[in-house]
Novice: 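Handing you a structure now.
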Amino acid sequence: MPEKGWPVGFLDRLFKREPPSKEIAKERLQLVLVHDRQPLSPKLLQTIKDDIIVVISKHVDIDRENTKIKLTRGRGRQKLIADIPIRSPRRRR
Amino acid sequence: MTARVITITSGKGGVGKTTGVANLGVSLALEGKRVVVLDADIGLRNLDVVMGLENRIVYDIVDVVEGNCRLQQALIRDKRVPQLYLLPAAQTRDKTAVSPDQMVDLCQELRHDRDIVLIDSPAGIEQGFRNAIAGADETVIITTPDVAAVRDADRIIGLIEAAEKGTPKLIVNRIKPKMVRRGDMLSTEDVIEILAIELLGVIPEDEKIIVSTNKGVPVTLDGQSRSGLAFRNIAKRILGEDVPFMIIDQEPSLLDRAMRLVGRR
Ligand SMILES: Nc1ncnc2c1ncn2[C@@H]1O[C@H](COP(=O)(O)OP(=O)(O)OP(=O)(O)O)[C@@H](O)[C@H]1O
Ligand SMILES: [Mg+2]
């Protein structure tokens, strides 16, 4: 994209012309694939997150507001990464 | 010795799977390999007509699986090349006539005393596709350089990986060099960048493919052609030879881009 595209982008802007149609195709494809490659919907991710919070909270006091769960993208095996901050005991009342 | 089973699939229909299997089958046989091409597109059989063997069919894949005949009886020998056989699909049945487990067993049986088994997959992500990859050791994705085909190819790559069949290799078909130079067609490089899999080869758009298909003579057996050469090269790469890629499509140069802006191209 940008690394190869700059002369086109620059000249196209200069001459006020549409970029070559394949650049448009590539950009559209890249966007649609980000979506397609996502195996879990945001709603399902939220459900998983809620469940994880319930389970972990049984054993340790966690910071629910700042708990995050995300899916790493790309080829090959996808991963769920959970970031669950533990409340430090001294901040407890 | 036992054969490698390689499935050619695509997601989107009409991108060149059957043409690819016919010509790679011929090319691999011309390399001296013992080859079987298997039409897994049950209900919509095509490989027989593309290869020009349609008049010799007696039994088909469903007959073999159901035990109506022995495997050897259903295999049709292509007399134009040494050691090339076709196992035709059934035309009057549907994809559910064969199960993935039966395909695995069939592939096991086909492996004996052969070098390569090439499977022509139906389009789609349904049972026909599942059957076609069930017995495969390796898979090849074929796509044309357009948004719909590339998107579907990406989906299929995901499904193949999820089925633990490894990562497929890529063939880009129907490249039109002039359109790529004009910036009006995705280049092979663009497709590789998007799909992030290894390239096996590139086939140019070639009218000779249509002419040869009309005659039932795969283009690799029909005189000299760019596409025929491209298929021969892919066959060599499948066999592990390090054949340089034909440069058929080039990214637009700065000059091309400038010319386009001035409206000369
Ligand atoms: N490189 C090419 N140049 C010109 N025509 C081509 C090329 N490759 C394929 N074709 C033509 O495109 C059409 C579809 O090809 P083919 O039947 O091989 O696709 P397919 O993927 O097997 O289709 P299906 O999904 O229906 O099984 C045929 O008419 C074929 O001759
Ligand atoms: Mg086909």
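Nothing here was measured: the structure is a model prediction, and the numbers come from that model. Reminder, nothing fancy here: chain letters follow the sequence lines and each chain counts from 1. FYI, side chains are in, hydrogens and waters are out, and symmetry mates aren't considered; it's all heavy atoms of this structure.
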Novice: Just verifying a value: how many Å separate A/R28 CZ and B/R151 CZ, rounded to the nearest 0.5 Å?
Specialist: 10.0 Å
Novice: For A/P20 and B/G183, which heavy atoms make the closest approach, and how far apart are they?
Specialist: CB-O, 3.2 Å
Novice: With side-chain contact (heavy atoms from CB on, under 4.5 Å) as the test, pick out the partner of A/L29 among B/D146, B/L186, B/D190.
Specialist: B/L186
Novice: Please assess B/D154 against A/R37 for the test salt bridge (charged side-chain N to carboxylate O under 4.0 Å, His left out), listing each intermediate value before the final yes or no.
Specialist: CA-CA 8 Å; B/D154 192 81; A/R37 286 173 184 169; 2.5 Å; yes
Novice: Residues two or more places apart in sequence or in another chain: which of them pass side-chain contact (heavy atoms from CB on, under 4.5 Å) with B/D94?
Specialist: B/T96
Novice: More than 12 non-hydrogen atoms from neighbouring residues, nucleotides or ligands closer than 6.0 Å to NZ on A/K49, yes or no?
Specialist: yes
Novice: Do other residues, nucleotides or ligands put more than 12 heavy atoms under 6.0 Å from the NZ atom of B/K169?
Specialist: no
Novice: Quick check for you: to the nearest 0.5 Å, what is the distance between A/Q30 atom CD and B/E193 atom CD?
Specialist: 5.5 Å
Novice: Can you sort out the partners of B/D184 under salt bridge (charged side-chain N to carboxylate O under 4.0 Å, His left out), two or more places apart, ordered by chain and number?
Specialist: B/R182
Novice: Out of B/V180, B/V150, B/V191, which one racks up the most heavy-atom pairs below 4.5 Å with chain A?
Specialist: B/V150
